[in-house]
Amino acid sequence: MNLQHLSDVQRRAVTLVDGPVLVLAGAGSGKTSVLTNRVAYLINEKNVSPYHILAITFTNKAANEMKERIAALVDYDVSRMAIATFHSICARFLRHDAELIGYMNNFTIYDTDDSTALIKKVMQNYDHGLGQLTPKYVRHVISMVKNSSGYGEPEEVLKDISEDFSEPLTQIYRAYNEALHRENAMDFDDLLLNMLRVLQENQEAREYYTERFQYVLVDEYQDTNSVQYELVKLFSEKHKNLFVVGDDDQSIYAWRGADVRNILNFEKDFKNAQVIKLEQNYRSHQRILDAANAVIRMADARKEKNPWSAKTDGPKPKVYTAYSEYAEGEFIAKEISGLVRGGKKYEEIAVLYRTHTQSRVLEEKLRMYGIPYRVYGGMSFYARKEIKDIVAYLTLLENPMADTAFLRIINTPKRGIGNVTVNRLTEYAEANRLSLMEAAAGADSFMKGGTAKFSPLLEVLRGIETAAEGKSIGEMIEIVFERSGYHAMLLSDDDITAEAKIENVQELINSARVYEAQAEEPTLEEFLSTVSLITDMDTVEEEGGVTLMTLHSSKGLEFDTVFMAGMEENLFPSKRSVEEGKLDEERRLCYVGMTRAKNLLYLTGSATRTMYSGGSSSNAPSRFLRDIPPEAVENLSVRKDVKQIGHREETTKPRINFFQAKAEFVPKATADPGSFRVGGVVEHGKFGKGTILAIDGQGDQRVARIAFAGGEKKLFLSFAPLTVIE
DNA sequence: CCTAGGCCCAGCAAT
DNA sequence: TGGGCCTAGG
Ligand SMILES: Nc1ncnc2c1ncn2[C@@H]1O[C@H](COP(=O)(O)OP(=O)(O)OP(=O)(O)O)[C@@H](O)[C@H]1O
């Protein structure tokens with residue numbers, strides 16, 4: 001196998017196959033490439049059967065790509081290979097082993113929506129004195145507890161999280177888990193946790209998996225949580241050939257339980273571990289690296305690295321501060337248009353932001369300029385209401401005990417079953433330890449006319465079940481769509497979104513057909529499993545225009561040109577991160593974003609931003625911008641823009657922070673009127689008229705590159721005898 | 001007892 | 001922007 005395309009040290013990482021190995025290296029150093037090559041190398045050169053390999057990727061898409069690569073190398077049914085995300089692989093194993101820990105193997109996976117709904121229901125049953133705590137918050141706490149299970153009992157973990165509420169929270173935590181178990185359902189965290197229990201509690205299963213996995217590989221190791229850590233440790237305990245790659249500077253998921261200590265302590269945790277450092281960055285040129293390193297250098301507690309790029313030169317990162325988010329969007333759209341006119345492809349460009357809500361304005365401006373784009377993340381296809389409703393019907397076919405799914409469709413379409421009836425049903429079901437569906441069948445015993453009330457629904461469900469017998473999944477969805485009355489409901493809905501919803505359901509049918517065509521042995525169970533674990537990131541395409549996504553989602557990806565929008569205090573870093581002292585994670589997120597760029601990096605922001613209520617806030621430029629030495633970037637901000645806020649200010653309500661903000665983002669030297677700007681025309685006492693090509697530096701150090709008739713000159717703006725012509 | 005429409009409030013990131 | 005809560009009408 002040819003490994004000539006790798007550097008010496010990368011090759012070493014690929015071929016050092018025995019024992020625990022950590023590749024700790026900065027962004028763009030080829031960690032993922034090394035991991036993929038290593039899998040291929042094991043199979044091709046070391047004659048390891050694909051069956052004996054466990055490789056954990058960060059997205060399903062990355063897993064599929066890796067499988068495709070392996071498929072080209074060996075004659076093996078790669079779909080059976082254990083290459084997947086933690087969640088997918090655990091779900092797959094549990095389909096076989098859940099019964100070892102008291103679940104049924106056809107368990108249902110509840111997504112965030114489902115689990116929030118269930119938590120809400122559980123909370124209603126308790127006079128917990130948690131009035132002010134929302135189900136969403138409680139779900140987050142519960143998730144943290146589950147993800148921290150490697151550290152101890154729920155009670156202890158809860159005390160650390162919330163001293164005051166630990167008791168009621170513990171109660172809810174228990175009740176929620178019991179409900180999940182009764183419903184034969186697992187939430188995302190349970191997938192990991194229950195797989196861990198299988199390994200811990202069942203000797204035979206442990207034997208099987210540890211014997212099987214001679215080689216264990218994990219990508220993005222810095223963002224593993226305590227349960228994932230335990231899983232990795234157990235899976236690799238027998239053969240001890242554990243290979244992990246990661247970058248502590250890219251740890252950005254502590255808020256959902258990831259623990260960077262996993263990577264920092266690797267050498268201590270795994271005896272005889274070898275550590276390989278990759279220092280060369282193959283993705284970005286040096287100027288991008290310089291700026292990114294200026295930001296990450298300020299973080300505490302990190303392993304120092306010496307990244308360098310062979311591409312020593314390239315355009316400096318560009319900074320632009322607009323006066324409003326609309327102007328910011330406009331700037332980005334204009335720049336993209338210009339870049340594309342210059343030959344760049346839309347697909348090579350990404351716009352990254354801290355929060356999904358930022359995308360709306362950006363989209364608006366891109367559309368205005370006729371720029372094709374695709375937004376990833378946020379509301380994914382499978383999270384849409386109509387899709388989730390149809391999926392709930394399918395879930396009930398597979399698992400009639402899934403009360404959460406039942407509650408979702410009990411009155412959708414409308415069947416005259418309201419809150420009061422639902423509450424009575426729930427009470428009755430709980431008192432008699434029945435599933436809601438079972439309880440509904442005996443409704444006469446708890447309310448007058450109960451049977452009559454529920455029989456239409458039960459008949460629909462029974463009808464679907466009979467009709468779906470022996471049918472393909474695509475056909476099942478059609479049956480559900482028709483017989484549930486969902487289609488009719490949408491047809492009679494004159495809301496403009498109804499048509500799109502019908503199309504979405506059609507799309508769901510399509511995806512079921514695609515799944516059936518591809519799967520070895522398609523089952524409804526597996527389809528539902530896949531659907532609940534699919535993310536938008538798995539559908540990233542080569543085509544489709546400019547990519548819009550959050551900074552978090554961009555981890556692991558790369559683009560020729562990257563715009564980072566919303567580089568402002570209170571947004572990035574977020575207000576909460578500052579308040580809660582979690583600034584470093586934001587800083588690392590900034591580092592992740594900047595290092596996605598191969599060639600061109602724009603850092604944009606706005607002095608003001610509209611709030612949901614219609615008001616407006618004004619924010620200083622992000623501190624991360626200030627951490628980059630001025631001479632390392634090119635500042636494209638125009639004084640003119642800044643002044644306009646002043647005008648707008650006077651016509652609208654005053655904003656407390658305005659002057660402060662203005663003072664911070666206006667470079668000093670431009671504080672005098674008649675400002676210089678890139679593209680502007682100036683006159684010099686000696687050289688005559690010229691056009692400003694670029695301005696670098698700040699304050700007295702600002703240098704302009706100006707094209708005069710007699711050639712290009714670099715001049716200090718504060719000293720040169722220049723007048724602005726236009 | 002159900003439904004629809006109006007009002008009020010909230011704001012991060014995602015498997 | 002939307003989801004949760006409240007109210008009036010059916
Ligand atoms: N030896 C090499 N020669 C040339 N290009 C390389 C080499 N190694 C990696 N690359 C390229 O560098 C880029 C970054 O590689 P990769 O995504 O594997 O890095 P990474 O360390 O996983 O990055 P990150 O941590 O930022 O996600 C890819 O485009 C890859 O093809």
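Because only heavy atoms are used, hydrogens play no part in the values below, and waters and symmetry mates are left out as well, while side chains stay in. Residue numbers start from 1 in every chain, and the chains themselves are labelled A, B, ... in the order their sequence lines are given, proteins ahead of strands.
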Please identify each residue that fulfils salt bridge (charged side-chain N to carboxylate O under 4.0 Å, His left out) with Asp114(A), with sequence neighbours left out.
-> Lys388(A)
If you look at every strand shown and take non-hydrogen atoms under 4.0 Å, does Arg424(A) touch a base, only sugar-phosphate, or nothing?
-> sugar-phosphate
Mark up nucleotides 5-10 of chain C, 5' to 3', with B wherever a protein heavy atom is under 4.0 angstrom from a base atom, S wherever such an atom reaches only the sugar-phosphate, and - elsewhere.
-> ------
For the pair Phe93(A) and Tyr209(A), name the ring-plane relationship: parallel under 30°, tilted 30 to 60°, perpendicular over 60°.
-> tilted
Lys/Arg-Asp/Glu bridge criterion (N-O < 4.0 Å) met for Lys575(A), Glu569(A) = no
Can you name the atoms? Protein N/O to nucleotides 12-15 of chain B N/O, anything below 3.5 Å, with the distance.
{"from": "dC12(B)", "atom 1": "OP2", "to": "Arg576(A)", "atom 2": "NH1", "distance (Å)": "3.4"}
{"from": "dC12(B)", "atom 1": "O2", "to": "Arg354(A)", "atom 2": "NH1", "distance (Å)": "2.7"}
{"from": "dC12(B)", "atom 1": "O2", "to": "Arg354(A)", "atom 2": "NH2", "distance (Å)": "2.3"}
{"from": "dA13(B)", "atom 1": "OP1", "to": "His356(A)", "atom 2": "N", "distance (Å)": "2.7"}
{"from": "dA13(B)", "atom 1": "O4'", "to": "Arg354(A)", "atom 2": "NH2", "distance (Å)": "3.3"}
{"from": "dA13(B)", "atom 1": "N3", "to": "Trp255(A)", "atom 2": "NE1", "distance (Å)": "3.4"}
{"from": "dA13(B)", "atom 1": "N3", "to": "Arg354(A)", "atom 2": "NH2", "distance (Å)": "2.8"}
{"from": "dA14(B)", "atom 1": "OP1", "to": "Thr550(A)", "atom 2": "OG1", "distance (Å)": "3.0"}
{"from": "dA14(B)", "atom 1": "OP1", "to": "Ser553(A)", "atom 2": "OG", "distance (Å)": "3.1"}
{"from": "dA14(B)", "atom 1": "OP2", "to": "His356(A)", "atom 2": "NE2", "distance (Å)": "2.8"}
{"from": "dA14(B)", "atom 1": "O4'", "to": "Arg256(A)", "atom 2": "NH1", "distance (Å)": "3.3"}
{"from": "dT15(B)", "atom 1": "O3'", "to": "His87(A)", "atom 2": "ND1", "distance (Å)": "3.4"}
{"from": "dT15(B)", "atom 1": "O2", "to": "His87(A)", "atom 2": "NE2", "distance (Å)": "3.1"}
{"from": "dT15(B)", "atom 1": "O4", "to": "Thr112(A)", "atom 2": "OG1", "distance (Å)": "3.3"}

Residue list, side-chain hydrogen bond (donor to acceptor under 3.5 Å, both in side chains) with Glu525(A), at least two apart or on another chain = none
Salt bridge (charged side-chain N to carboxylate O under 4.0 Å, His left out) with Glu579(A): which residues, sequence neighbours excluded?
-> none
Partners of Asn411(A) by side-chain hydrogen bond (donor to acceptor under 3.5 Å, both in side chains), sequence neighbours excluded?
-> none
List in numerical order all residues of residues 228-235 of chain A for which some heavy atom is under 4.0 Å away from an atom belonging to DNA chain B.
-> none
Between Lys385(A) and Asp389(A), is there a salt bridge with N-O shorter than 4.0 Å?
-> yes
Counterpart residues, salt bridge (charged side-chain N to carboxylate O under 4.0 Å, His left out), relative to Glu386(A) (two or more places apart) = none
More than 12 foreign heavy atoms under 6.0 Å from CD of Glu499(A): is that the case here?
-> no
Positions of residues 407-416 of chain A (non-hydrogen atom under 4.0 Å from DNA chain B), listed by number | Asn411(A), Lys414(A), Gly416(A)
Could you list the donor-acceptor pairs under 3.5 angstrom formed between side-chain atoms of residues 419-426 of chain A and any protein atom two or more places apart in sequence or on another chain?
{"from": "Thr426(A)", "atom 1": "OG1", "to": "Val422(A)", "atom 2": "O", "distance (Å)": "2.7"}

At a cut-off of 3.5 Å, list every protein nitrogen or oxygen paired with a nitrogen or oxygen from nucleotides 6-8 of chain B, distance to 0.1 Å.
none

Under the side-chain hydrogen bond (donor to acceptor under 3.5 Å, both in side chains) rule, collect the residues that match up with Tyr428(A), sequence neighbours excluded.
-> Ser445(A)
Which residue, Asn399(A), Asn194(A), Leu191(A), forms the side chain to side chain contact (heavy atoms under 4.5 Å, CB included) with Phe107(A)?
-> Leu191(A)
Atom CZ of Arg384(A): over 12 foreign heavy atoms under 6.0 Å | yes
Any Lys/Arg nitrogen of Glu65(A) or Lys61(A) sitting under 4.0 Å from an Asp/Glu carboxylate oxygen of the other?
-> yes
Reckon Asp111(A) touches a base, only the sugar-phosphate, or nothing at all at heavy-atom distances under 4.0 Å?
-> nothing
Are any of the side-chain nitrogens in Asp249(A) or Arg302(A) under 4.0 Å away from the carboxylate oxygens of its partner?
-> yes
